[in-house]
Amino acid sequence: MNYGAVSWRSKTGPGEIPEGGWIYCEHVGNKSFPRRARRAIVALMNGTERDEGAAFEDWEQRPLSERASAPAPYLAELNPAQQAAVEALDGPVLVLAGAGTGKTRVLTTRLAHLIHNQRAWPSQILAVTFTNKAAREMKERIGELVGGAVEGMPWLGTFHAVCARILRRHAELVGLKSTFTILDTDDQIRLIKQLLSAANVDEKRWPARMFAAMVDRWKNRAQGPGQVPPDECGFANGRGAEFYAAYQARLKTLNAVDFGDLLLHVVQIFQNHEDVLKEYQKRFKYILVDEYQDTNIAQYLWLRLLAAEHRNICCVGDDDQSIYGWRGAEVGNILRFERDFEGAQVIRLEQNYRSTPHILAAASGVIAANKDRLGKTLWTEAGEGEKVRLIGHWDSDEEARWIGEEIEAMARGTRGHAALSLDGMAILVRASFQMRAFEDRFVAIGLAYRVLGGPRFYERLEIRDAMAYFRVAVSPDDGLAFERIVNTPKRGLGDKAQQAINAIARDNGVSLLEAARIAVETGEGLSKRAARALGDLVAGFDRWHAELGAADADHVEIAGRMLDESGYTAMWQADKAPDAPGRLENLRELVQALEEFENLQGFLEHVSLVMDNASDEAGAKVSIMTLHGAKGLEFPAIFLPGWEDGLFPSQRTMDESGAKGLEEERRLAYVGLTRARAHLCISFAANRHKFGRWESSLPSRFIDELPPAHVEVLTPPGLYGGGYGASAPGGGGYGAAATAQLIDPHDTGQGSVLEARAASASTYNSPGWRRMAARRAKHGLGQPREARGVVIDAGAAGRLEPGSRVFHQKFGYGRVREIEGDKLTVAFEKAGEKKVVASYVTEAGKASGADEVPF
DNA sequence: CATCAGAATGTTTTT
DNA sequence: CATTCTGATG
């Protein structure tokens with residue numbers, strides 16, 4: 001690969017290790033900075049190619065000067081609180097950064113400040129985040145501030161990535177080899193299933209997922225198999241801890257770890273090996289933690305151990321945005337910070353640069369209902385802006401339709417403000433199934449959208465299969481990967497054959513691949529056909545492994561060939577399923593992605609930790625994502641649909657975690673509200689399409705918590721809503737609240753909402769509304785389904801006939817095979833045969849100016 | 001041993 | 001409803 005000219009600059013000029021500055025790297029053509037290029041720089045610096053680690057060690061040994069090497073222009077751009085947060089370099093610091101108060105900015109500036117003042121070399125600073133996105137963003141922004149020293153910051157990353165790095169160095173201390181593989185959830189479940197079925201545990205009564213969840217919980221608390229509290233061992237009749245131990249042992253023999261292990265093992269190493277701990281305590285002169293409110297107990301212990309020496313730990317977070325409790329996060333960590341780190345400074349960032357006062361007030365109003373808070377008061381200098389809008393709908397389809405129209409209006413600029421780009425708008429949902437209604441609707445009206453955080457590239461079936469091939473080729477001992485692909489594509493190696501291989505592996509204490517080799521030689525338990533197929537496979541892996549080991553190995557080419565030679569590519573080519581072409585395309589993409597890496601190992605390591613989505617395509621699009629996924633983002637316009645009790649707050653969370661769960665849901669609402677800069681619209685629907693059933697619900701209790709003064713209620717005098725003249729009698733409840741806009745799609749056309757906006761003065765809390773909502777909901781359930789949805793353009797169906805070529809937004813081109821009323825059966829070229837509604841397709845191959853329309 | 005049909009089953013959020 | 005799992009059949 002060509003990295004272009006790798007050049008570097010420093011304050012001292014080329015050829016010397018920069019003493020008063022930092023390395024500045026430029027590279028051409030590649031986004032991620034490849035290791036090889038970094039080595040080139042180190043070699044340049046030293047005049048010789050040397051071990052990169054050693055080179056940096058050398059560098060670190062040089063004395064740090066005490067004073068700043070240059071003025072710090074970036075400080076002037078910060079407000080006083082932000083400055084304080086940046087400049088409080090010594091001792092423990094907690095920065096309570098409310099939403100939109102410039103948290104990332106403070107964090108990155110602080111990091112730059114440390115480097116700028118030469119308090120520490122970049123490699124002596126530990127900076128941890130939760131998501132890869134956050135880590136990447138931080139790298140980029142520091143790059144802008146400091147000018148490219150980031151590559152000298154090896155300890156900036158997610159908790160998991162940093163732990164993986166540490167664990168690789170000390171793997172032997174916990175009985176692993178440093179080449180251990182990191183299991184993903186899928187492998188983990190498969191492994192547990194094997195374990196349980198081997199022990200004759202009824203998989204129905206004690207599902208593997210459940211056990212995985214328990215293991216996760218334990219690991220989040222840094223509890224090894226011996227430390228599990230006895231009352232939590234109820235699994236499989238009190239054998240929980242026993243299986244936990246067995247699971248851990250199994251992982252060890254496989255030389256593998258799961259996500260939780262990354263932290264657990266490192267914490268245990270720190271606890272049991274003082275020398276190792278000391279080394280890292282010394283190394284990390286400064287520690288920065290992003291999103292501290294999301295840390296779990298294991299991460300907390302990890303940080304405490306590491307910070308014990310220098311005590312220069314700075315945690316940034318917002319207790320009001322703690323939304324990962326279900327994943328083991330402990331809000332308690334941030335609430336307890338001052339006690340945990342004696343003499344800690346607490347700095348509050350309260351000036352909000354993002355939202356208008358109305359939006360801020362709405363968010364504050366909601367979050368104020370929570371009890372467990374450190375408390376902050378956000379304020380802004382921004383001008384009034386428009387109120388938060390609130391609207392109710394008859395059902396989820398209507399909601400999607402209305403939002404679609406609203407978005408189009410905003411994009412056109414016919415909503416009373418300047419036209420907004422689609423990129424500036426986002427729909428934030430509680431649960432991903434809500435996305436569907438929007439996707440369907442937007443496809444129908446041709447509105448460009450993008451789903452963030454959807455199914456991830458690396459989680460797709462074909463990608464994981466392909467990676468299993470890579471894994472076995474790289475490390476032949478990877479039994480889980482081998483198991484995954486022995487019979488994919490079909491090689492006639494079914495249960496019987498696999499059991500035979502397993503037995504051999506167990507009896508001889510060898511890996512599955514070795515066992516397979518033995519099986520081929522002895523022919524034990526295999527049919528002739530099977531033996532031959534297995535022999536081919538084993539030979540294939542031998543060959544690929546050898547090829548990858550060669551000095552001039554072209555891993556991209558080998559990987560591609562591996563998929564071809566194994567018959568995997570052919571399998572999909574032969575598959576006539578509609579998604580087969582897409583899968584092949586994904587495989588091509590995968591192989592292409594390998595180019596970014598020096599070798600397959602590097603790629604696999606990257607993938608196991610960075611389960612990122614493929615980068616989003618260009619073009620202005622509305623974003624659709626979950627509330628969780630929206631944390632840290634902001635948009636000029638935000639839509640928050642589905643504010644209904646049971647959905648949001650989620651029934652399940654409340655059932656599982658009670659009042660605590662409700663508070664977390666409320667924080668989630670707070671996160672959602674504070675994503676908006678200028679325009680915010682909350683909506684709810686009386687009926688919702690869920691698992692093919694219609695479900696009815698009442699407006700979310702959070703709606704009652706919105707301060708009325710900052711909310712504009714869009715309440716058309718709906719068919720059923722009017723007439724409840726009085727607002728709620730004193731005290732609680734939402735004063736001038738909306739009546740659900742109960743427009744029944746059977747009776748009305750679409751989109752009458754915009755015109756009908758006069759406020760009525762009823763309240764959701766009124767008994768009348770509830771009664772009415774319940775009645776309508778029941779009624780709605782019995783309605784015939786066909787009439788729902790878009791009004792069918794009879795003309796469209798009329799002029800189509802079997803054989804017509806049509807175009808569909810989602811499926812592309814195809815030919816009509818059958819017509820039943822408004823439903824078409826279309827054989828799509830890419831997507832295969834689908835049933836679609838006639839109005840969703842257009843006749844293909846005709847100019848938009850209807851020239852030959854037979855009317 | 002593969003394939004298919006029908007049933008079961010599950011859907012919040014993720015490193 | 002959409003995927004995964006099961007069991008019956010070829």
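Just so we're on the same page: letters track the sequence lines, and every chain starts at 1. For the numbers below, each heavy atom of this structure counts, side chains included, while hydrogens, waters and symmetry mates do not.
Rounding to whole angstrom units, CZ of residue A:Phe130 and C1' of B:dT14 are separated by 11 Å. When rounded to the nearest whole Å, the span between CZ of A:Arg675 and C1' of B:dT13 equals 15 Å. At whole-Å resolution of the value, OH in A:Tyr324 and C1' in B:dT13 are 6 Å apart. Across the protein-nucleic acid pair, A:Arg688 atom CZ and C:dC1 atom P stand 16 Å apart, rounded to whole Å.
Residue A:Asp645 holds its CG atom at 7.5 Å from CD of A:Gln651, rounded to the nearest 0.5 Å.
Aromatic ring pairs are classed by plane angle as parallel below 30°, tilted from 30° to 60° and perpendicular above 60°; the pair A:Tyr280 and A:Phe270 is tilted. Ring geometry for A:Phe603 versus A:Phe597: interplanar angle over 60°, hence perpendicular rather than tilted (30 to 60°).
Checking the phosphate oxygens (OP1, OP2) of B:dC1, no side-chain nitrogen or oxygen of A:Arg529 falls inside 4.0 Å.
In this structure, of B:dT13, B:dT15, B:dC1, it is B:dC1 that holds the atom nearest to the side chain of A:Lys496. For A:Thr158, the side-chain atoms get nearest to B:dT15 when compared with the rest of B:dC1, B:dT13, B:dT15. In the set B:dT13, B:dT11, B:dT15, the nucleotide with an atom closest to the side chain of A:Arg652 is B:dT11.
With sequence neighbours excluded, the residues forming a ring-ring contact (aromatic ring centres under 6.0 Å, His included) with A:Phe211 are A:Phe235, listed by chain and number. Under the side chain to side chain donor-acceptor pair (under 3.5 Å) criterion, A:Arg529 pairs with no residue at all, not counting sequence neighbours.
Residue ring and nucleobase are stacked for A:Trp326 and B:dT13, with a centre distance beneath 5.5 angstrom and an angle between planes beneath 30°.
Taking every heavy atom of both residues into account, A:Tyr568 and A:Thr488 meet most closely at CE1-CG2, 3.8 Å.
A:Ser527 comes within 4.0 angstrom of no nucleic acid atom, judged by non-hydrogen atoms across all strands.
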Contact letters for nucleotides 2-9 of chain B, in which S counts primed atoms plus P, OP1 and OP2 and B counts the base, heavy atoms under 4.0 Å: SS-----S
